[in-house]
Amino acid sequence: MSLFHWIDFPPLGDERGSLVALEANKTIPFEIKRVYYIFGTKEGVSRGFHAHSDLKQVAVCVTGSCRMVLNNGKQKEAVWLDSPTKGLLIEEMVWREMHEFSLDCVLLVMASEYYDESDYIRSYDEFIQKVGE
Ligand code: T46
């Protein structure tokens, strides 16, 4: 199971500024069923601490930055999300934690499935057991 892939979003800029267009099954490699965004995260607060059994997501910091730590049970890597033209593709069975949100951070996430709490694995011990199966 791969940890993550970066997707470069082509900036459609002109003299007025920049624009990014994201299309399902094109720029984003799945049918987008849900979009959510995280903003106003308080200083020093971390989020995430879970994996998903069956969910693909692309996350992009449209403003500001945060650090994401990804772990598939075999490898662990930290990446900075700090560009509105770089999306992070995270597939299923990857433990994720988000730290060091800048005060202006807006983390936009496109998801391949509707919200389903039963898809979350919120216990790290359970996650390690499942990836070992
Ligand atoms: C993820 C990371 C990057 C909903 O009702 N609908 C939704 O679509 C979402 C995403 C959340 N919620 C509810 C569930 C909780 O009561 O919103 C509350 C906060 O969610 P959570 O604690 O899971 O938020 P994060 O920031 O820890 O994780 C989120 C996503 O849930 C998760 O899928 O990969 O961002």
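Just follow the structure's listing: the first ligand is 1, and inside any ligand the first atom is 1.
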- prompt: Any side-chain donor paired with an acceptor under 3.5 Å for Y124 and E97?
  reply: no
query: Which atoms from ligand 1 have a heavy atom of Q57 less than 4.0 Å away?
result: 1 (C), 33 (O), 34 (O)
message: Among all the protein's non-hydrogen atoms, which is closest to atom 3 (C) of ligand 1, and how far away is it?
response: M98 CE, 3.5 Å
- prompt: For H50, is the nearest heavy atom under 4.0 Å from an atom of ligand 1?
  reply: yes
message: Any protein heavy-atom neighbour for atom 9 (C) of ligand 1 (distance below 4.0 angstrom)?
response: yes
query: Is there a protein heavy atom less than 4.0 Å away from atom 17 (O) of ligand 1?
result: no
message: Is atom 20 (O) of ligand 1 near the protein, in the sense that some protein heavy atom lies at less than 4.0 Å from it?
response: no
message: To check your reading of the model: name the closest protein heavy atom to atom 33 (O) of ligand 1, its residue, and the distance in Å.
response: H52 NE2, 2.7 Å
message: Considering non-hydrogen atoms of the protein only, which is the closest contact for atom 11 (C) of ligand 1, and what is the distance?
response: Y115 CE1, 3.8 Å
task: Run through D54, N72, L55, I121 and flag the one making a side-chain contact (heavy atoms from CB on, under 4.5 Å) with M93.
output: I121
task: Determine, for R34 against E113, whether the closest basic-nitrogen to carboxylate-oxygen distance falls under 4.0 angstrom.
output: no
- prompt: Is there a side-chain contact between D8 and T85, using heavy atoms and a 4.5 Å cut-off?
  reply: no
- line: The closest protein heavy-atom partner of atom 26 (O) of ligand 1 is R47 NE, 2.7 Å
query: Does a sphere of radius 6.0 Å around CZ in F39 hold more than 12 heavy atoms from other residues, nucleotides or ligands, not counting ones at 6.0 Å or beyond?
result: no
- prompt: Short N/O distance, under 3.5 Å, between E117 and ligand 1?
  reply: no
- line: Heavy atoms of K33 and Y114 approach each other most closely as O-CE2, 3.4 Å
query: Charged N to carboxylate O below 4.0 Å: is that the case for E117 and R122?
result: yes
task: Could you list the atoms of ligand 1 found under 4.0 angstrom from a heavy atom of I38?
output: 26 (O), 35 (O)
- prompt: Have D116 and S118 got a donor and an acceptor in their side chains that come within less than 3.5 Å?
  reply: yes
- prompt: For atom 1 (C) of ligand 1, which protein heavy atom lies nearest, and how many Å away is it?
  reply: Y36 OH, 3.1 Å
query: Touching ligand 1 at all, R122? Heavy atoms, strictly under 4.0 Å?
result: yes
query: CZ of F49: more than 12 outside heavy atoms within 6.0 angstrom?
result: yes
query: Between D104 and S102, does a side chain to side chain donor-acceptor pair (under 3.5 Å) hold up when you go through it step by step?
result: CA-CA 5 Å; D104 62 345; S102 63; 2.6 Å; yes
message: For ligand 1 and G48, I'd like to know whether there is a polar contact (N/O to N/O, distance under 3.5 Å).
response: yes
query: At the 4.0 Å heavy-atom cut-off, does Y120 count as touching ligand 1?
result: yes
